[in-house]
Amino acid sequence: MESNVINKLRSNKNAEINKDFIGEKVVICGWVQKRRDHGSLIFIDIRDRSGIVQVVFDQSISEEAFEIADRLRSEYVVKIEGKVRARPNDNINPEMATGEIELEGYDIEVLAESETPPFLIEDNADVGEDLRLEYRYLDLRRPEMRDALKTKHLVMQKTRQFLTKRDYWEVETPILTRSTPEGARDYLVPSRVNKGKFYALPQSPQLFKQLLMSSGVEKYFQIARCFRDEDLRANRQPEFTQIDIEISFFEQDKFMLEMEEMIKDIFAIGDIEVDLNFDRITYKEAMDNYGSDSPDTRFGMKIKDLSEIFTESKFNVFRNIVNNDGTVRGLKVSGGADFSRGQIDKLEDVVKTYGAKGLAWFAFTDEGVKSPIAKFLSEEEISKLKEKLEVENNDLALLVAADYKTSVTSLGHLRLHLGEKLNLISEDRFDFLWVVDFPLFHYNDEEDRLESEHHPFTAPKVEDIDLLDDDPLNVRAAAYDMVLNGEEIGGGSKRIHRRSLQEKVFRLLKISKAEADEKFGFLLKALDYGTPPHGGVAFGLDRIVMILTGKDSIRDVIAFPKNQKAGSLLTKAPGEVSKSQLDELNLKLDI
RNA sequence: GGGGACGUAGCGAAGUGGUUUAACGCGUCGGCCUGUCACGCCGAAGAUCGCGGGUUCAAAUCCCGUCGUCCUCGCCA
């Protein structure tokens, strides 16, 4: 170690200091984590980004430093010079990374004082989230939050490294762009120069990345901020970050494998091993078996179709539903026969949330079947039910009769609820899979028109193109979602690169020629000038980091997130603006 | 737009089928302490119980309204 440390603000990070430094002088800087005053001996824990080191101030070493140490309080920022020494044998702290050594502090300078913080700066701080968000800069000092920031940084770096090595270019696209129909509600920005006109913030760089393919970029990526003005959830923020990727001369299988390789690299950051060649299941299989297009396959309890049992049933409710395009589906809870009536009522509340009218149940016990509706069913129906669900003694069968979507999605949520409640999900498993063959469209009854399942630029599967005219709802998309533990972490597709097909899809979506020309004319035109076949994907960066860090809330992996009302408790955004600002924009409020 | 939970010192919380001096822990402040690391010991301060209204002899507690935070349905191509 060189000797002239005196003039340096800092010679070492806390975490670097270890037994090899014993006898050396160091200068550290950091925050006062904790002060333990023993009268004529004061221990101070100094925290920096790397970790914590204990400094001892002893009157007999420096009276002056000791007096300053006596006045230190939590979160003061200090510079300390000291000599590294081994701790006495019986005072080694094995809980602490630097627990074998300590600094003998002989000089100290207070770089900044601090008010007493409104909550303790430590992990597991039991504090309301609103207070954490108001004092986010203090919250981020907690090791847990610091580590989340670091993990996100590493994920971004790994992504850039991987894609750069694979010949992708990182290209920026506009934040001020134009509003387009379809999709989420836009965030709008008024234009001062163009009276009465508005920019929209991008919901994703979708159109631009396609234009970059037309531009000959061939392989593009961007760590892109996206904006959607919809209601918030634990895993949804109005602005979030996508790893956005697009390539020309797209070959779906090859591309999907490359993305698996990238994900493998990224998850190595969390010491999570990822096996390539993810399972692929179709959208239909996912909905049939799990009632979700992003199934959690870490446990079984698959949903079964029981409709055919009840086509002739004396139980009117089931028979009528089955014979009117509805369905009866159910799942089995192993060992659930002893659920109390109250517990089952709670399960019924779960399915009711998702539109089911009720939850039928059958408990199979030593004394036979217990169920409020057993008396309406024949022995044959009950035995078929047992057979289909592979029921054994002490099992509980839960059934929902409704239209297909209500039935499977309500049971799908019930399945997740039970999986969590019964502890069927092992937290150390990482089940990656692709969901493929999404429908290209779904039907919106309210507006009486087709809507894109994914987005209007998604290509139909080649073999289904012929169905577009007569049976559009059965056209499958060349689209794929990557799912991890029941969470959609990415999704993409092959895109339409022929104008005629793109125009046809717009027509099917009831987007008029005039509107298509106005809103998407630039894309259509680009398709006229030699746009190569292309496709891509976008991953939810925040969700990936959320899983890597084991957080339950997306807010814990965003440095400065918004609260549920899309506001910042820190900056108080959104805020009011002055009359003159509004005037410049030719805006009048009407509230 | 709908459903639900919560709101009591700086922080976390007990008390809420009517009457208490409104617990307790952490933190803060003062004193003592040479081996602590959840330091210890002694002492102290700190709360008009989110806000407004109502019922009552009496309200943190019951009722109505309102504000805030979170979860959720719808919504999120």
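Basis for what follows: all heavy atoms, side chains included, without hydrogens, waters or symmetry-related copies. Reminder, nothing fancy here: chain letters follow the sequence lines and each chain counts from 1. Keep in mind the model is a prediction, meaning the values are calculated, not measured.
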Classify every nucleotide of nucleotides 36-46 of chain B by which part a protein heavy atom approaches to under 4.0 Å, writing B for the base, S for the sugar-phosphate alone and - for neither, in 5'-to-3' order.
BB-B-------

Euclidean distance, atom CG of residue A/Leu72 to atom P of B/U28 [Å, nearest integer]
13 Å

If we only count heavy atoms from C-beta on, is the A/Phe441 to A/Pro472 side-chain gap below 4.5 Å?
yes

Between A/Ser74 and A/Asp58, just flag the one whose closest nucleotide in RNA chain B comes earlier from the 5' side.
A/Ser74

Gap between atoms CG and P, on A/Asp556 and B/C70 respectively (whole Å)
12 Å

Using atom CG of A/Asp70 as one end and atom P of B/U34 as the other, report the distance to the nearest whole Å.
13 Å

Once you apply a heavy-atom cut-off of 4.0 Å, does A/Arg449 come out as touching a base, just sugar-phosphate, or nothing?
nothing

Rounded to whole angstrom units, what separation is found between the CD1 atom of A/Ile42 and the C1' atom of B/U34?
11 Å

Could you list the protein-to-nucleotides 67-69 of chain B atom pairs, N/O on both sides, closer than 3.5 Å?
unit_1, atom_1, unit_2, atom_2, d
B/G68, OP1, A/Lys565, NZ, 3.3
B/U69, OP1, A/Asn563, ND2, 2.6

All N/O pairs under 3.5 Å across the protein-nucleotides 13-17 of chain B interface:
none

Could you give the CD-to-C1' distance, from A/Glu420 to B/U72, as a whole number of Å?
14 Å

A/Lys551 NZ to B/C70 C1', in whole Å, measures 17 Å

According to the Watson-Crick and G-U wobble definitions, with both distances under 3.5 Å, which nucleotide is paired to B/C70?
B/G4

Listed pairs, N/O of protein and of nucleotides 2-10 of chain B, under 3.5 Å:
unit_1, atom_1, unit_2, atom_2, d
B/G10, O2', A/Pro118, O, 3.1

Would you kindly give the CD-to-P distance between A/Glu122 and B/G25, to the nearest whole Å?
17 Å

For RNA chain B, which residues in residues 221-234 of chain A have a heavy atom at a distance below 4.0 Å?
A/Arg228, A/Glu230, A/Asp231, A/Arg233, A/Ala234

What's the gap between B/G31 and B/A23 when it is taken at their P atoms, as a whole Å value?
27 Å

Which residues in residues 200-209 of chain A have at least one heavy atom lying under 4.0 Å from any atom of RNA chain B?
A/Ser204

Before accepting this row, confirm whether a basic side-chain N of the pair A/Lys513/A/Glu518 lies closer than 4.0 Å to the acidic partner's carboxylate O.
no

Base, sugar-phosphate alone, or nothing: which one does A/Arg132 contact when heavy atoms must sit under 4.0 Å apart?
nothing

C1' atom, B/A58 versus B/G40: distance in rounded Å?
45 Å

Who pairs with B/G43 - Watson-Crick or G-U, where each distance is under 3.5 Å:
B/C29

Whole-angstrom distance between B/U16 and B/G30, as gauged at atom C1'
37 Å

Applying a 4.0 Å non-hydrogen cut-off, can you work out what A/Tyr354 is touching in the nucleic acid: base, sugar-phosphate, or nothing?
sugar-phosphate

Expressed in whole Å, how much space separates the C1' atoms belonging to B/A47 and B/U8?
7 Å

For A/Asp349 and B/C73, what is the distance between atoms CG and C1' respectively, to the nearest whole Å?
13 Å

Under a 4.0 Å threshold between the charged nitrogen and the carboxylate oxygen, would A/Asp469 count as salt-bridged to A/Lys504?
yes

Would you say A/Tyr443 and A/Asp448 are linked by a side-chain donor-acceptor pair, where the criterion is simply a distance under 3.5 Å?
yes

Scan A/Glu453 against the nucleic acid and name what it touches under 4.0 Å (heavy atoms): base, sugar-phosphate only, or nothing.
sugar-phosphate

Determine the Euclidean distance between corresponding C1' atoms of B/U19 and B/U56; express it in Å to zero decimal places.
12 Å

Considering every strand and a 4.0 Å limit on heavy-atom distances, what is the contact class for A/Ser452: base, sugar-phosphate, or nothing?
sugar-phosphate

Both distances under 3.5 Å, Watson-Crick or G-U wobble: report the partner of B/U55, or none.
none

Charged N to carboxylate O under 4.0 angstrom, A/Glu144 versus A/Lys551?
yes

With a 4.5 Å limit on heavy-atom distance, are the side chains of A/Asp403 and A/Thr327 in contact?
no

Looking only at the side chains, is there a donor atom on one of A/Thr173 and A/Gln222 sitting less than 3.5 Å from an acceptor on the other?
yes

